[in-house]
Participant: 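This is the structure, below, for whatever I ask next.
Letters A, B, ... mirror the listed sequences (proteins, then strands); counts begin at 1. None of these values were measured; they are calculated from a predicted model. FYI, side chains are in, hydrogens and waters are out, and symmetry mates aren't considered; it's all heavy atoms of this structure.
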Number of protein chains: 2
Amino acid sequence: MVHAESSTFAQGLSKKEVYAQILEQAKELFDGQRNWVCNLANTSSLLYNGLRSLPSPSNAVNWAGFYVLDPTKSHQLILGPFHGQVACQTIAFGKGVCGAAATSQKTQLVKDVEQFPGHIACDGASKSEIVVPILQSGKLVAIIDIDCAELEGFSSEDQEALEALAELIAASSDF
Amino acid sequence: MVHAESSTFAQGLSKKEVYAQILEQAKELFDGQRNWVCNLANTSSLLYNGLRSLPSPSNAVNWAGFYVLDPTKSHQLILGPFHGQVACQTIAFGKGVCGAAATSQKTQLVKDVEQFPGHIACDGASKSEIVVPILQSGKLVAIIDIDCAELEGFSSEDQEALEALAELIAASSDF
């Protein structure tokens, strides 16, 4: 199979089916490959292309990617691989939705980013967001960050699937 | 300025103007930030969004990103940040268009990938490709790789601008 096909999603799939394909393809891509940059780059493609193949609001996803621990500064995240428009390079722990997920080590499911205290507007078009921490041995190593240009772009179904993906990444990649 | 605006390209710009914006925005984004993952992630967004804002054939660009030296195996490239569909994780020096650029340290401008000996078909939809080496002190550290779903997607104008971008990346990022 040529690799591009892994991120081609048939029209008419349910969100459950799209996440199942993302998880299955990620598992295959990580097999024998533990380089985190490589694995997160391919995963950002799977997430972006998968979610945008779905009906509204998921087709309005405008950013899907990762921040990782900044090796040069403690309590700071730095931009990793992503799909979407240019993004903030660094985010301090505790700042905005990403920073809250990093500090609390808990998923942040934000229906309206304008209502989130200290929200960082990297892209004024983003209206809702989900951020899922990736933990190795209880320590934060990265976060999954997805933005949507619609309000309430994400639900508990996204949260469950992305938390499973975060566990797979943590088990499969060396940071 | 919110960061996303750096990768918003006005309609009707010439290719020269788009590359000027890419170079200018990359320079700003790299200012004070030498992390290669962060810098290449944002640059892949600039390239993908910039080229796709242009008329045919540039609007058929279907992959824009980077491969870097694989830290675990000599004479091998490994996938870095990109925009597009899921891609091959590793490429040996000398294999396909990327491998040829890595071995020769010369830009490969390929009008028809089917005519290139040993072409790796990560995506069967790609018809033309340009690969530009990124060198630090004469040593290869990474390559810029861009694919197009049209034949003859790239010209000497792309080559000149991408070689300038490769020099900027080499001067601004620690690999």
Participant: If every non-hydrogen atom of V37(A) is compared with every non-hydrogen atom of G80(B), which pair is closest and at what distance?
Facilitator: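 Scanning both residues completely, I find the closest heavy atoms to be CG1-CA, 4.0 Å.
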Participant: Is there side-chain contact between T8(B) and Q85(A), with heavy atoms separated by less than 4.5 Å?
Facilitator: yes
Participant: Cluster question for you: counting only ILVMFWY and a side-chain heavy-atom cut-off of under 4.5 Å, with indirect links fine, are V61(A) and L46(A) together?
Facilitator: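 Cluster IDs for V61(A) and L46(A) match.
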Participant: Is it the side chain or the backbone of N42(A) that comes within 4.5 Å of chain B heavy atoms, both, or neither?
Facilitator: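 For N42(A), heavy atoms of backbone and side chain both lie under 4.5 Å from chain B.
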Participant: Within the supplied structure, the quantity of interest is the number of heavy atoms (other residues, nucleotides, ligands) at a distance under 6.0 Å from K111(A) NZ; does it exceed 12?
Facilitator: no
Participant: Please round to the nearest 0.5 Å and tell me the distance separating atom CG of N35(B) and atom NZ of K73(A).
Facilitator: 14.0 Å
Participant: Given that the side chain runs from C-beta out, which part of T90(A) has a heavy atom under 4.5 Å from chain B: side chain, backbone, both or neither?
Facilitator: side chain
Participant: Could you state the interatomic distance from NE2 (H3(B)) to SG (C88(A)), rounded to the nearest 0.5 Å?
Facilitator: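 Spacing of NE2 (H3(B)) from SG (C88(A)) equals 5.0 Å.
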Participant: Please round to the nearest 0.5 Å and tell me the distance separating atom CD1 of I78(A) and atom CG of N39(B).
Facilitator: 7.5 Å
Participant: Between S6(B) (side chain) and V86(A) (backbone), is there a donor-acceptor pair under 3.5 Å?
Facilitator: no
Participant: Could you look at I120(B) and say if it's the side chain, the backbone, both or neither that has a heavy atom under 4.5 Å from chain A?
Facilitator: neither
Participant: So does E157(B) have more than 12 non-hydrogen atoms from other groups sitting under 6.0 Å from CD?
Facilitator: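 More than 12 within 6.0 Å, yes.
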Participant: State the SG-OH distance between C38(A) and Y67(B), to the nearest 0.5 angstrom.
Facilitator: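 The distance works out to 8.0 Å.
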Participant: If two hydrophobic side chains count as joined below 4.5 Å and joins carry through other members, does F30(A) share a cluster with V68(A)?
Facilitator: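 Yes, same cluster.
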Participant: Non-hydrogen atoms of chain B under 4.5 Å away: do they reach the side chain of Q89(A), the backbone, both or neither?
Facilitator: both
Participant: Hey, which of G84(A), P81(A), S126(A) has the most heavy atom pairs under 4.5 Å with chain B?
Facilitator: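 Max contact count across the listed options: G84(A).
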Participant: Less than 6.0 Å separating the ring centroids of F82(A) and H83(B)?
Facilitator: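 Aromatic pair counts; centres sit under 6.0 Å.
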Participant: Shared ILVMFWY cluster between V113(A) and V131(A), side chains joined below 4.5 angstrom?
Facilitator: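 Yes; V131(A) is reachable from V113(A) via cluster members.
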Participant: Atom CG of residue position D31(B) - does it have more than 12 heavy atoms of other residues, nucleotides or ligands inside 6.0 Å?
Facilitator: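 Not more than 12 within 6.0 Å, no.
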